2 protein chains.
Amino acid sequence: MNTFTEENYIKAIYQLSERNAASISTNALAEQMNTRAASVTDMLKKLALKKLINYQPYQGFNLTSKGRKLALHVLRKHRLWELFLVDTLNFSWDEVHDIAEQLEHINSPKLVDRLDAFLDFPEADPHGDPIPDENLVFRTKRAQRLCDMKILQPLRISGVMDHSPLFLKFMAQHQLQLGEVILIEDVNGYDASMRIKTSSDRIVFISATAAQNILTRPHHGSK
Amino acid sequence: MNTFTEENYIKAIYQLSERNAASISTNALAEQMNTRAASVTDMLKKLALKKLINYQPYQGFNLTSKGRKLALHVLRKHRLWELFLVDTLNFSWDEVHDIAEQLEHINSPKLVDRLDAFLDFPEADPHGDPIPDENLVFRTKRAQRLCDMKILQPLRISGVMDHSPLFLKFMAQHQLQLGEVILIEDVNGYDASMRIKTSSDRIVFISATAAQNILTRPHHGSK
DNA sequence: TATTAAATTTAGACAAGTCTAAAATAGTAT
DNA sequence: ATACTATTTTAGACTTGTCTAAATTTAATA
């Protein structure tokens, strides 16, 4: 069994590797974990002993397949709990992270699977991040920023990057809700603002800044 | 903030005081916590420093009102989670204790209240143990042992004293479920075993030992 | 290539929670 | 009242995860 701290380190290593394809530095991990480089080194030795990472002093480190599995398992729990908090207990997007940070360490395979079933085997959490299935496989890819999508392609709004009340209010004002299907009709050459058409044929103009914070997935649904 | 260990000690002290009106011994607490008396003494000093217990070396100890509040808060969380696991995620009685033992330490007042509301402000957990409300007040009393009840009086099974998987399995095997209405038809003069009739007129024989561990309330319902 | 700067690791220390073994206290029996 | 026994506490040590300060390695620059 692993301690909470070990699980948090493994999760942080996984997330840093995802974000930054290159190898992770001890310092970067220290900053992520809100601790000092010396502490990180101590922990790296411990994780290496447990075969969760490959580690050679001064030569960097990365997750073993065992470590990757653990990271995905913790991620799965975190995102399932986030979805539970939002969907079932009516929390808002910006409140759930810290609570899920605790719940992700609850150790009960059966609980995770029951929660998964209760939520109807969801593919993504409320922020649009994909949830690994019981075999730790992603059945969907991370949503992409609206600003990176092609025009004239049906897209489903699946999350936001910015969770601030201000931005969420902006979304509500423009009636852009989670699950809404939209289409980029045109991108302005001058300021990269966008003309969007909603499924109800409403036209909305969105700044490039806003488009960077809206997460979408290609929509292959009916109509 | 308190560590998981501190919370577990406080909860154990509370439960031992409930069970055994007399003062608790260091040894009893050590056994309950699955540790040694010396470790208990160390922790007692720490808890006393935090004003969670009154403690004089060699003179015994008991909860302060602050400690009692903490115990009730943890108990509230434990029982709400147990009910959630049984009612919402379809766990059985005997599976939930260990999971709730972990979940009870999740720290988020808002989460507890939302869970409480989601479960519709329940007064008792799946074992019939009362759940303190948001002010840490019990709105219902613990039920009484079956062995202390009169014969030929309708009784509702509202809980158990023994939460061991073994006993809960025994209950399931005899189809004695929470909420079931029963009647003591006869008490055997020799070994105090009981002949019970269920609401569906099924007859079940129960040992005195079992009857001591089944909690009931008089039932004044229809029919 | 030699030197310097940055990153990383080691050494030694600390707090939490535990342990064993030994000492102190309380209670009981003679 | 004294000796014995059971209980409880203290003393000293170990582990985990952290820290600071010093040493080491790598990389970069002159």
Side-chain angles (χ1 to χ4, degrees), chain A residues 1-14 16-17 19-63 67 70-71 74 101-102 104-105 107, chain B residues 1-14 16-17 19-63 67 70-71 74 101-102 104-105 107:
Chain A
M1 215 43 272
N2 311 295
T3 66
F4 286 17
T5 311
E6 286 165 355
E7 287 190 355
N8 284 331
Y9 268 92
I10 291 296
K11 195 181 57 160
I13 294 171
Y14 176 84
L16 285 176
S17 326
R19 269 210 277 292
N20 221 337
S23 81
I24 321 137
S25 76
T26 302
N27 272 338
L29 185 51
E31 189 175 350
Q32 175 81 10
M33 292 301 297
N34 224 335
T35 183
R36 300 315 180 94
S39 311
V40 170
T41 300
D42 290 341
M43 182 54 82
L44 291 177
K45 285 191 274 192
K46 205 177 146 196
L47 296 175
L49 243 155
K50 285 190 153 197
K51 310 273 189 208
L52 292 167
I53 61 171
N54 301 116
Y55 170 60
Q56 294 291 93
Y58 296 105
Q59 304 303 311
F61 52 91
N62 53 45
L63 293 179
L70 176 56
V74 175
E101 206 67 14
Q102 297 179 61
E104 72 189 6
H105 301 295
N107 173 32
Chain B
M1 214 43 274
N2 310 297
T3 66
F4 287 16
T5 310
E6 287 165 356
E7 287 190 356
N8 284 331
Y9 269 92
I10 291 296
K11 195 181 57 159
I13 294 171
Y14 176 84
L16 286 176
S17 326
R19 270 211 275 292
N20 221 337
S23 79
I24 320 139
S25 76
T26 303
N27 272 339
L29 185 50
E31 187 176 349
Q32 174 83 9
M33 292 300 298
N34 222 335
T35 184
R36 301 315 180 96
S39 312
V40 170
T41 301
D42 290 341
M43 182 55 82
L44 291 178
K45 284 190 275 191
K46 205 177 146 195
L47 296 175
L49 244 155
K50 285 190 153 195
K51 310 270 189 210
L52 292 167
I53 61 171
N54 301 116
Y55 170 59
Q56 296 289 95
Y58 296 105
Q59 305 303 312
F61 52 91
N62 53 43
L63 293 179
L70 176 57
V74 174
E101 207 67 15
Q102 297 179 61
E104 72 188 5
H105 301 296
N107 174 32

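What you see below is based on every heavy atom in this structure, not just the backbone, and it leaves out hydrogens, waters and symmetry mates. These figures come from a predicted structure and were not determined experimentally.
With F61(B) as the partner, the side-chain contact (heavy atoms from CB on, under 4.5 Å) test is satisfied by one option alone out of T41(B), L52(B), I13(B), L47(B): I13(B).
Here dA21(D) is the nucleotide among dA21(D), dT8(D), dT20(C) with the atom lying nearest to any side-chain atom of A38(A). When the nucleotides dC19(D), dT7(D), dT9(C) are ranked by their closest atom to the side chain of N27(B), dT7(D) comes out on top.
Note: CE (M1(B)) to P (dA15(C)) measures 21 Å, nearest angstrom. Per the geometry, CG belonging to D42(A) stands 16 Å off P belonging to dC14(C), to the nearest Å. Put simply, CD1 on I24(B) is 16 Å from P on dT7(D), counting in whole angstrom units.
Using a 4.0 Å heavy-atom cutoff across all strands shown, F61(A) reaches no nucleic acid atom at all. If you check every strand for non-hydrogen atoms under 4.0 Å, T5(B) touches sugar and phosphate atoms only. Among the atoms of the strands shown, only primed sugar atoms or phosphate atoms (P, OP1, OP2) are found under 4.0 Å from some heavy atom of T26(B). Within the 4.0 angstrom heavy-atom criterion, no nucleotide atom of any strand lies near F4(A).
With DNA chain D read from its 5' end, the first of the two nearest nucleotides for L44(B) and T35(A) is the one closest to L44(B).
At a threshold of 4.0 Å, the pair K11(A)-E6(A) does not count as salt-bridged, since none of the basic side-chain nitrogens sits closer than that to a carboxylate oxygen. R36(A) has no carboxylate O lying under 4.0 Å from a charged side-chain N of E31(A), or vice versa, which leaves the two without a salt bridge.
Remark: R36(A) is in phosphate contact with dT20(D), judged by side-chain N or O atoms under 4.0 Å from OP1 or OP2. Residue T41(B) places at least one side-chain N or O closer than 4.0 Å to OP1 or OP2 of dT9(D). Taking only side-chain nitrogens and oxygens, Q59(B) comes nearer than 4.0 Å to OP1 or OP2 of dA26(C). A sub-4.0 Å separation between OP1 or OP2 of dT16(D) and a side-chain N or O of T3(A) is absent. Using a 4.0 Å cut-off, no side-chain N or O of Y58(B) falls inside it from OP1 or OP2 of dT10(D). OP1 or OP2 of dC19(D) lies within a sub-4.0 Å distance of a side-chain N or O belonging to S39(A).
Rounding to the nearest 0.5 Å gives a distance of 10.0 Å between CD of Q32(A) and CG of N8(A).
For E7(B) (side chain) and H105(B) (main-chain N/O), no donor-acceptor pair under 3.5 Å exists by modelled atom type.
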